[in-house]
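Data first, discussion second: the structure below is written as structure tokens.
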2 protein chains.
Amino acid sequence: MAWDVAGTKRKILDAAAREFTQRGPDGTTMERIAKLAGVNKERVYNYFGGKHELFEIVLREKLAIIAEAIPVDSFTPEGIGEYAGKLFDYNYEHPDLVRLVLWEALSFPADVPEEQQRRDYYAGKTNSFGEAQTSGDLSAALPPEHLNFLLLALAGYWSVLPQVARMMTNDQSVAEVARRRASVVEAARRLAATP
Amino acid sequence: MAWDVAGTKRKILDAAAREFTQRGPDGTTMERIAKLAGVNKERVYNYFGGKHELFEIVLREKLAIIAEAIPVDSFTPEGIGEYAGKLFDYNYEHPDLVRLVLWEALSFPADVPEEQQRRDYYAGKTNSFGEAQTSGDLSAALPPEHLNFLLLALAGYWSVLPQVARMMTNDQSVAEVARRRASVVEAARRLAATP
DNA sequence: TTGATAACCAACGGCAACGTTGGATAATGA
DNA sequence: TCATTATCCAACGTTGCCGTTGGTTATCAA
């Protein structure tokens, strides 16, 4: 039977992603990852190093996916609303990523992988907002980097504290999710609107 | 030498709060808590039960403090802005609480301590918002429970993802914190404003 | 003073996790 | 065919943690 190194690595990464997402770095065991991947523990160490390295690799892979990410189509209040809506959708469809980032934020507050790259990514968006403010398409009431951040907040908080969202809305139906999205879009428009 | 049961309990609770805040439920060890409290491990088990119980007790105590909480003084856009500003201040001054709640959200998504009580607390605020909308003081563009939630998002996200805030603003100075606060206040006003 | 109760602690058993190792099995190239 | 290299895995040593226990010291009431 032929080797399938790439396949084995993939199975390990997928299992690791599931476990880390669910239980976090400390709650996850290498034994469990190996078992879920149908692989011997030693393979995990040999391919990916220790637990911390594996967590970082998993997180990086997921971050790379979102980096493709969500573009801002138009820098008008309407466009900003749609952007926030898409952020909301993305968070809703990928609760994994939110959880991973939170685990990382709590467990390893110091080191951010690919920090420079992410800074550049955010800076690009912020600059675009800034230009749209200068040209008068967007309100300049908020500094562009704060506008950028607060849009993430509006769209992301629902996935960060789902219990609070649940307690506050008394509802978890599909219709409620649609209402939440509409509220996020409306709120984003208001942050962007010129008087 | 006289017993000091209350004092011992307090020392344990304080040490536990520090450790859980820093390392989360899985990263914290009972041994370490006992050592930090200057107490034998057995005392911890005898007074507070197992690790999970202790975590819940610590979290409840902190939540009780915030339940005193932050009132909304006036239900006008200005009042809402000030409310959001105070929420921001509270989060900024008590990063412990945010971290504890996040650990809990990630580690035990199912069980929320004092759920009914917290529901009532949120419902009270939501109702007040609803009335202010009916009377025309606040915009009715957002359902009151969503307005409530989004205000928490604007004020809280900075403490939830401090690395992202740092990368996006390239600044951690006291002045930047004040700017962030101002942006939160302005954003909250905009969510509340009538046209 | 003495007996009962409650606070305290050192040491332990058991277990689960980390990371490793020594050897077996498959692939490859000469 | 045989030597070499890479993949794989069962079993192991070690560590660290959970939760408990057996016994000691302090307090207090009779």
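Naming convention: chains lettered A, B, ... in sequence-line order (proteins, then strands); numbering from 1 in each chain. Since the structure is predicted, the reported quantities are computational estimates derived from the model, not experimental observations. Note: hydrogens, waters and symmetry copies are ignored here, and every other heavy atom, side chains too, is used.
R23(B) has its CZ atom 10 Å from the P atom of dC17(D), to the nearest Å. Between the CG atom of N40(B) and the C1' atom of dC8(C) there is a distance of 7 Å, given to the nearest Å. Here dA26(C) presents its P atom at 16 Å from CG of D4(A), a figure rounded to the nearest Å.
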Which donor-acceptor pairs under 3.5 Å do the side chains of residues 122-129 of chain A make with protein atoms, sequence neighbours left out?
from	atom 1	to	atom 2	distance (Å)
K125(A)	NZ	I70(A)	O	3.2
K125(A)	NZ	Y121(A)	OH	3.1
T126(A)	OG1	Y122(A)	O	3.1
T126(A)	OG1	N148(A)	ND2	3.1
N127(A)	ND2	A123(A)	O	3.4
S128(A)	OG	G124(A)	O	3.1

Acceptor/donor pairs from residues 77-88 of chain B side chains to any protein atom, 3.5 angstrom cut, sequence neighbours excluded:
from	atom 1	to	atom 2	distance (Å)
E78(B)	OE1	R189(B)	NE	3.2
E78(B)	OE2	R189(B)	NE	3.0
K86(B)	NZ	D73(B)	OD2	3.0

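Applying the side chain to side chain donor-acceptor pair (under 3.5 Å) test to Y92(B) and every residue at least two apart in sequence or in another chain returns nothing. For E31(A), the side chain to side chain donor-acceptor pair (under 3.5 Å) partners at least two apart in sequence or on another chain are K41(A). Residues satisfying the side chain to side chain donor-acceptor pair (under 3.5 Å) test with S139(B), not counting sequence neighbours, are R190(A). For E176(B), the side chain to side chain donor-acceptor pair (under 3.5 Å) partners are H146(A), R179(B), R180(B), not counting sequence neighbours. Residues that satisfy the ring-ring contact (aromatic ring centres under 6.0 Å, His included) test with F108(B), not counting sequence neighbours, are H52(B), F55(B). Every residue two or more places apart in sequence or in another chain that forms a ring-ring contact (aromatic ring centres under 6.0 Å, His included) with Y90(B) is listed here: H94(B). Qualifying salt bridge (Lys or Arg N to Asp or Glu O under 4.0 Å) partners for R119(B), counting only residues two or more places apart in sequence or in other chains: E115(B).
Residues of residues 27-39 of chain B having a heavy atom closer than 4.0 Å to DNA chain D, listed by number: T28(B), T29(B), M30(B), E31(B). Scanning residues 7-17 of chain B for heavy-atom distances under 4.0 Å to DNA chain D yields an empty list. Using a 4.0 Å cutoff on non-hydrogen atoms, the parts of residues 41-54 of chain A near DNA chain C are K41(A), E42(A), Y45(A), K51(A), ordered by number.
The heavy-atom pair separating A187(B) from L154(B) by the smallest distance is CB-CD1, 3.9 Å.
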